[in-house]
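One structure is given below, encoded as structure tokens.
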Amino acid sequence: MMTQREPKRKQLPLLHYWPRAKTEAEFACKKAVELGLPKGTYLAVDWENGSGNNIYCGVSSSTSAILAAMAVIKSNGYVPLFYSGASAMRNQVDYRSIVTAYGNCLWVASYPTIAAVNSANMAYFPSMDGVAIWQFTSNYRGLNVDGNINVLPLKTSLNPTSLQKDVNKKESIHPLAKWDIERVFVVTNQKGCNLYDSANLKNIIRSLKYNTIWKVLDEKGGALNLGKNQWVDGRAGITKSNPIATHDNIGGRVKVVLPNIHALYHPTANSKKAYQLTTNKVYRFVSRQGRFFELAEKYHGKPVYVTGNRAFVLF
């Protein structure tokens, strides 16, 4: 059985199907062409029990089938992802072999309940190599739709204007914020949005400008709390969560936001400087120690760090 997940505004189009190895993958790619999904679109192998699929066929055979399907997807010009639950990935398949072959390609479902969920429970974040997307619920806001967080930026060869010509180029789906901020709200309504004095969204106190970024403190019935007696309608923008704020063992990207910032030999305030970083440049990091990020690129074979007070996280 094959179903398509409808792409949300400014999200990448995805095709989701039950794999029967090469035959199913070929069918999925053919269907993707019929649906008008351009080459470079992400197609995910959905590996779960049901609809004729059995995940308890042995680690080796299951892994081989998944890799075969992903190879077909790649050979047809699409970008393969592998979707399943965290437990199944860890116990019923060799997910490390899949990551070795396709890099950060895992779309992992991990959550404690099927009841309505408004935000991610970080205790269930899948701490595994290769995670690109974390599905934190199957019932977001009680709407019986999945809730997902892009752990890493997903890029394709697609021209964004071919997907949505009316999107303002200045609008960003990767807002910038300090490392310890867990969630932000970005105003995507081009006319801005109203700010209310309570969650009932009745009394307007002022407006917020388009494409501005705000820290989210709480949520109630779809209304987002940005401060004391300050609420916005969640439909007026997008929210992005930041697992880096509570997990120090995952990587990501930071942007140097101030001049004269240096890479440091140690994750301490009084560390010696290794070299100067470029202002407004984005750097990849592999982990966090307190407020310091360990940069992915080593310096003379040694790890170097940048302070999170001067380099902000790209969500």
Are Phe293 and Phe285 close enough that their ring centers fall under 6.0 Å?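 Ring-ring flag for Phe293/Phe285: true, centres closer than 6.0 Å.
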
I want to know whether Tyr124 and Phe136 have ring centres closer than 6.0 Å.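 No, they do not, as the ring centres are separated by 6.0 Å or more.
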
Identify the heavy atoms of [X] and [Y] that sit nearest to each other, and give their distance.
| X | Y | result |
| --- | --- | --- |
| Arg206 | Trp214 | NH2-CH2, 3.9 Å |
| Ile114 | Ser138 | CG2-OG, 4.1 Å |
| Cys193 | Ala236 | CB-CB, 3.5 Å |
| Tyr283 | Thr278 | OH-N, 2.8 Å |
| Val184 | Val216 | C-CG2, 3.6 Å |
| Leu106 | Asp129 | CD1-O, 3.3 Å |

Counting only heavy atoms not in [X] (residues, nucleotides, ligands), do more than 12 fall under 6.0 Å from its [atom1]?
| X | atom1 | answer |
| --- | --- | --- |
| Arg96 | CZ | no |
| Glu297 | CD | no |
| His262 | NE2 | yes |
| Lys298 | NZ | yes |
| Leu143 | CG | yes |

Quick one: [atom1] on [X] to [atom2] on [Y], what's the gap to the nearest 0.5 Å?
| X | Y | atom1 | atom2 | result |
| --- | --- | --- | --- | --- |
| Arg183 | Ile149 | CZ | CD1 | 9.0 Å |
| Lys273 | Ile261 | NZ | CD1 | 8.5 Å |
| Ile66 | Cys105 | CD1 | SG | 10.0 Å |
| Leu67 | Lys74 | CG | NZ | 11.5 Å |
| Asn203 | Leu201 | CG | CG | 11.0 Å |
| Thr188 | Arg235 | OG1 | CZ | 12.0 Å |

What I'd like to find out is whether the side chain of [X] reaches to under 4.5 Å of the side chain of [Y], using heavy atoms alone.
| X | Y | value |
| --- | --- | --- |
| Asn309 | Lys178 | yes |
| Gln135 | Ser110 | no |
| Ile73 | Val45 | yes |
| Val108 | Ile133 | no |
| Met70 | Tyr102 | yes |
| Asn211 | Val186 | yes |
| Tyr42 | Tyr78 | no |
| Tyr95 | Met128 | yes |

Does [X] share a hydrophobic cluster with [Y], counting links as ILVMFWY side-chain heavy atoms below 4.5 Å and allowing steps through other members?
| X | Y | value |
| --- | --- | --- |
| Ile238 | Val117 | yes |
| Val282 | Tyr275 | yes |
| Met122 | Ile244 | yes |
| Phe292 | Leu258 | no |
| Val93 | Val99 | yes |

Is a side-chain donor or acceptor of [X] paired with a backbone partner of [Y] at a separation under 3.5 angstrom?
| X | Y | value |
| --- | --- | --- |
| Asn242 | Trp179 | yes |
| Asp248 | Gln289 | no |
| Lys39 | Asn76 | yes |
| Ser62 | Val59 | no |
| Ser271 | Thr268 | no |
| Tyr111 | Gly147 | no |

Out of the candidates Asp218, Leu195, Leu217, only one should pair with Leu226 under the side-chain contact (heavy atoms from CB on, under 4.5 Å) rule; please name it.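 Per the side-chain contact (heavy atoms from CB on, under 4.5 Å) rule, the option paired with Leu226 is Leu195, out of Asp218, Leu195, Leu217.
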
Which is it for Asp146 and Tyr140 under the side chain to side chain contact (heavy atoms under 4.5 Å, CB included) test, yes or no, and what are the steps along the way? CA-CA 6 Å; Asp146 295 347; Tyr140 186 57; over 6 Å; no

Would you mind listing every ring pair (Phe, Tyr, Trp, His ring centres under 6.0 Å) that reaches into residues 226-248, with sequence neighbours excluded?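 Qualifying pairs, neighbours excluded: Phe125-His247.
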
Could you tell me how the ring of Trp107 sits relative to the ring of Tyr83: parallel (under 30°), tilted (30 to 60°) or perpendicular (over 60°)?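 Correct class here is perpendicular.
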
Is any NZ, NE, NH1 or NH2 atom of the basic residue among Arg141 and Glu219 found under 4.0 Å from an Asp or Glu carboxylate oxygen of the other?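 Yes.
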
Starting from the C-alpha separation in whole Å, work towards a yes-or-no answer on side chain to side chain contact (heavy atoms under 4.5 Å, CB included) for Tyr210 and Asn189. CA-CA 6 Å; Tyr210 163 71; Asn189 187 330; 5.9 Å; no

Pair Leu224, Thr239 - check side chain to side chain contact (heavy atoms under 4.5 Å, CB included), show working. CA-CA 9 Å; Leu224 304 177; Thr239 58; 3.4 Å; yes

Determine, step by step, whether Thr137 and Asn139 satisfy the side chain to side chain donor-acceptor pair (under 3.5 Å) criterion, reporting the C-alpha distance in whole Å, the side-chain angles of both residues, the deciding distance to 0.1 Å, and the verdict. CA-CA 5 Å; Thr137 181; Asn139 192 10; over 6 Å; no

Show your working on side chain to side chain contact (heavy atoms under 4.5 Å, CB included) between Tyr265 and Lys272 and close with a plain yes or no. CA-CA 6 Å; Tyr265 283 112; Lys272 290 185 178 181; 4.0 Å; yes

